[in-house]
Amino acid sequence: MIIVFGSIGLDIVQSVRRLPRPGETVLTADYAMLPGGKGANQALAAARAGADVRFAASIGDDDFGRRAIINLETTGVNLDGIVHAARPTACATISVDSAGENQIVVSSGANLDTTAAQLNAGMGDLVLQQLEIPPTEIWAGIDRAASQGARTILNAAPFQSIPPASLAKLDVLIVNEVEAAMLAEDLGLDPAHPHQACIQVRDRFAMTVVLTLGGQGAVAFAPNVVLQASALPIQPMDTVGAGDAFVGAFVAAMGADRGIEDCLRWGSVAGGLTCLQPGAQDGVPDAAAIKERQGEIVIAPVS
Ligand code: RIB
C-alpha cells in the first residue's frame, strides 16, 4: 500500500499570453477550476499507475473540497484519512503562459490543519510526503512512518529547510534543480553543482536521491549507481503537475518492486504525458499508457 500524506486543494487555472510582471494586470477570457494540491496529484498519479493508494489530508466542508476529491474518488483512492477541517479547502491560483510556463500561489487553508495523527502505516507500506502542510507535521509524519516500519519518500516541494534528523530517516528524496540548489545551500554544500550535492546528500544520509530535470529527464543517485533517464519526447502544453505525476508513478513502480530503471521510466513517462493536457490531473496516465510509452525512455549510467 502507498500512503500519501499531504496537501489537497482546488486549482484556479488561467491561461495568459504572458505571465504578469510585478504590479502589472493582464487579461484573459476564461478560467478553469480543477482538482490539485501536490499530495492529491501524487496520490492520483500513483493510483492511476496501478498502486493501491490511501490518502491522508484535510479539506474544508465546502464546495472546493468536494470538487478537489472527485478524481481521487473515481480512481479508487482510499480517502478514509481525509478529515474535514475548520478552515476552507486550500486554493491555488495558477497562471500558464503560451509557452506552458507557469506561476503558482497557494492559499493553504485546511492544509494547515493536517496532523501526523492522520497517518497510519505498517511494515511494507510506502509513505510519500511533500512540503505543503505544516513542517512540524511533516517531520512527525516521517518519524511516524519510519517507526511503523514503512519506507519513506519525500518530494521536497515547495522547498523549505529539512532537519537533518528527518533526512536521516528517508529512503528516497525527490527534488528538482531549484530544490536541489536550495537544499545544497541549506546543508552548506555547493548550490552551483546540484549533481555533486545530490551525491553528497545520498552519502551523508544513506538514501537514494532523485533529481528531476524537466525536459532533460531525471537522474537517480542510488547507493551503488547513478542513472540518467531521458524525458519523453513531447511538445508540452502545460507543465503544471508534471513533477507530481513523475513522483506518483515513480513511487507506484517502487511499490510494485520494480528496479530503479523502471521507476525512472514510469516517472518520466507519467510526467511527460501529464504535460499534454491542461491542469495537474487531467493528463495523468494510467498503467497501460505508461507501459505503451516506457520503451521511449533511454536510461544510461552516469560515471
Ligand atoms: O505541483 C502542482 C500543484 O502545486 C498544483 O496542483 C497546486 O495546487 C500546487 O499545490
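Read the numbers this way: they start at 1 and go in the same order the structure lists the ligands and their atoms. Bear in mind that the values here come from a model prediction, so they are computed numbers and not experimental data.
At the shortest separation from atom 6 (O) of ligand 1 among protein heavy atoms lies Asp11 OD2, 2.6 Å. Counting only heavy atoms of the protein, atom 2 (C) of ligand 1 lies nearest to Asp244 OD2, 3.3 Å. The nearest heavy-atom contact from the protein to atom 4 (O) of ligand 1 is Lys38 NZ, 3.2 Å. Annotation: atom 10 (O) of ligand 1 to nearest protein heavy atom, Glu132 OE2, 2.7 Å. Of the protein's non-hydrogen atoms, Asn41 ND2, 3.6 Å is the one closest to atom 3 (C) of ligand 1.
Taking every heavy atom of Ala280 and a limit of under 4.0 angstrom, the matching atoms of ligand 1 come to 6 (O). Near Gly36, meaning under 4.0 Å from one of its heavy atoms, ligand 1 places the atoms 6 (O), 8 (O). For ligand 1 and Val106, the ligand atoms under 4.0 Å from any heavy atom of the residue are 9 (C), 10 (O). Which parts of ligand 1 touch Ala92 is read off a 4.0 Å heavy-atom cut-off, strictly below it: atoms 7 (C), 8 (O).
Judged purely by distance below 3.5 Å, without hydrogens or angles, the side chains of Thr89 and Asp62 pair a donor atom with an acceptor atom.
Between Arg18 and Glu24, at least one side-chain nitrogen of the basic residue sits less than 4.0 Å from a carboxylate oxygen of the acidic one, meeting the salt-bridge criterion. Comment: Lys169 engages Asp143 in a salt bridge, judged by a side-chain N to carboxylate O separation of less than 4.0 angstrom. Using a 4.0 Å cut-off between charged nitrogen and carboxylate oxygen, Arg66 and Asp61 count as a salt-bridge pair.
Heavy atoms of Gly37 come nearer than 4.0 angstrom to ligand 1 in at least one pair.
The heavy-atom pair separating Asp171 from Arg151 by the smallest distance is OD2-CA, 3.1 Å. Considering every non-hydrogen atom in both Ala157 and Glu179, the closest pair reads CB-OE2, 3.1 Å.
The side-chain hydrogen bond (donor to acceptor under 3.5 Å, both in side chains) test applied to Gln294 returns Trp266, not counting sequence neighbours.
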